[in-house]
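This report refers to the structure that appears directly beneath it.
Everything numeric in this text was worked out from a predicted model, so none of it was measured.
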Amino acid sequence: MTGIPSVSLECLPQLASALTAAERGWPVIPLHPASKRPAGHAERACPGTGRCAGGHRTPEERATTDPALIHAAWAHRPYNVGIATGPAGLLVVDLDVCKPEEPKGAPDGATSLAALCERTRQTVPETYRVRTARGGEHLYFTAPAGVRLKNSANRLGPHIDTRAWGGYVVAPGSATPDGAYEVAHDAPVAELPSWLGELLTEPHRAAPAPVRVHDGTLAARTALDRECAVIAAASEGGPNGRNNTLHRSACKVARFVAWGDIPRHVVEQAIQGAGEATGLPPAECRTTIRSAMDWVIAHATPREAA
């Protein structure tokens, strides 16, 4: 075991989780302890030096299955474990639970998936499942060969997201203040059903669908639609990259929130979906949007008279 650092006892569960994933061929990244956020810097804060001298390296690009690198990363700090779904050859269906502020009776991810199966007269095969910290589920599938599937948000139904290229999922053995991630069904990972693959590969980004917001003034709704389309067209990195574009667009629409023209939660939900559709991690989207909204609302000037 020469060359492998000693490991703090509090790090052993997370280290074991990371090594187990790596043994399956699933590259892993460290997430902040008790968090779902990658331990590395965000794209908009990239220094452009060191490992990023040739351009920002995303968590997906930093993911590894190398046991020595994993031991070094998890030796002294109990990082949570993220699985880079694209390099792992996985597509994970994320069935989320409803948020406390949602109307009573709103469908959660499991209900939406059941409704989708009934509507299409299809079934979902038995597969490896992980129970999430808030009570949802991750359904693991092997991605189809020759197709580079990306993340999606609510494309299959309310509270159904998917993680593939450009994304990651929190591995079992990790925990957040909401609870632990645990294996719910330790079955072999099934192939992604072809019918789900077809729904996820239908043309979608070429002409982004309108957000169809019903709350707010016409000007606010138009601005939100426009900025969601701008976000959807963002590229990987640079000054016009995904995160920078997300931040700028959120700032532009936030002024309408400050003026009382549109509810904040409506804007945040629409922009969150647009950001995740580009492949940005959900937590990074939420942090960026919240930062932009808070700053603009706190510093917005009164609307000029027409």
Side-chain angles (χ1 to χ4, degrees), residues 20-28 36 60 63 65 81-98 106-172 174 181-209 232 272-282:
T20 297
E23 288 172 0
R24 289 176 174 262
W26 299 344
V28 296
K36 299 190 292 184
E60 181 177 85
T65 58
V81 181
I83 297 171
T85 42
L90 295 171
L91 181 133
V92 176
V93 177
D94 179 7
L95 304 179
D96 206 356
V97 297
C98 294
D108 60 10
T111 302
S112 295
L113 181 60
L116 177 63
C117 289
E118 182 177 355
R119 186 166 63 251
T120 58
R121 298 183 179 180
Q122 301 287 350
T123 59
V124 174
E126 180 178 297
T127 193
Y128 182 80
R129 295 176 179 240
V130 172
R131 186 177 299 105
T132 68
R134 294 183 61 238
E137 273 199 324
H138 288 165
L139 281 58
Y140 284 55
F141 297 100
T142 58
V147 180
R148 194 178 175 93
L149 294 173
K150 295 184 178 182
N151 298 338
S152 72
N154 297 317
R155 182 165 180 172
L156 297 177
H159 294 299
I160 304 178
D161 298 338
T162 63
R163 295 289 171 262
W165 283 99
Y168 64 90
V169 291
V170 182
S174 303
Y181 287 74
E182 302 173 333
V183 176
H185 188 48
D186 194 8
V189 177
E191 294 182 5
L192 181 71
S194 59
W195 66 275
L196 277 178
E198 290 170 3
L199 290 176
L200 292 169
T201 53
E202 291 174 348
H204 185 63
R205 287 273 306 277
Q272 176 80 21
E276 289 187 31
T278 70
L280 284 173

Using 0.5 Å steps for rounding, measure from the NE2 atom of His138 to the CG atom of Asp96. 7.5 Å
For Gly166, does its backbone N or O pair with a side-chain atom of Glu60 as donor and acceptor, under 3.5 Å? yes
Report the C-alpha separation of Leu139 and Leu113 in whole Å, then their side-chain angles, then the decisive distance to 0.1 Å, and conclude whether the side chain to side chain contact (heavy atoms under 4.5 Å, CB included) test is met. CA-CA 11 Å; Leu139 281 58; Leu113 181 60; 4.1 Å; yes
Compare all side-chain heavy atoms of Cys98 with those of His159 and state whether any distance is below 4.5 angstrom. yes
So which atom in Ala164 and which in Asn151 form the shortest heavy-atom distance, rounded to 0.1 Å? N-OD1, 2.9 Å
So CD of Glu276 and OG of Ser152: to nearest 0.5 Å the spacing works out to 9.0 Å
Backbone of Gly167 reached by a side-chain donor or acceptor of Thr85 within 3.5 Å: yes
Taking the side chain as every heavy atom from C-beta outward, state whether Pro87 and Trp26 have any pair of such atoms under 4.5 Å apart. no
dist Thr162:OG1 -> Asp94:CG (nearest 0.5 Å) comes out at 9.0 Å
Counting C-beta onward and ignoring hydrogens, is there a side-chain heavy-atom pair between Trp195 and Arg121 closer than 4.5 Å? no
Locate the shortest heavy-atom distance separating Val97 from Asp108; write the atom from each residue and the value. CA-CB, 4.1 Å
Search all heavy atoms of Leu200 against all heavy atoms of Arg155 and return the closest pair with its distance. O-NH1, 3.7 Å
Got Leu199 and Leu156 here, is their nearest side-chain heavy-atom distance under 4.5 Å? yes
Lys NZ or Arg CZ of Arg24 over Tyr140 ring: under 6.0 Å, within 45°: no
Atom CG of Leu116 and atom OG1 of Thr111: how far apart are they, to the nearest 0.5 Å? 12.5 Å
Just verifying a value: how many Å separate Leu149 CG and Leu192 CG, rounded to the nearest 0.5 Å? 7.0 Å
To the nearest 0.5 Å, tell me how far Gln272 CD sits from Leu280 CG. 9.5 Å
Measure across Phe141 and Glu191 and return the closest heavy-atom pair with its distance rounded to 0.1 Å. CD2-O, 3.6 Å
Test item: Val183 and Tyr128 side chains (from C-beta on) under 4.5 Å apart, heavy atoms: yes
Minimum heavy-atom distance Ala21-Val28, with the two atoms named: CB-CG1, 3.6 Å
For Tyr181, does its backbone N or O pair with a side-chain atom of Ser174 as donor and acceptor, under 3.5 Å? no
Closest heavy-atom pair and its distance - Ile160, Gly109: CG1-O, 3.7 Å
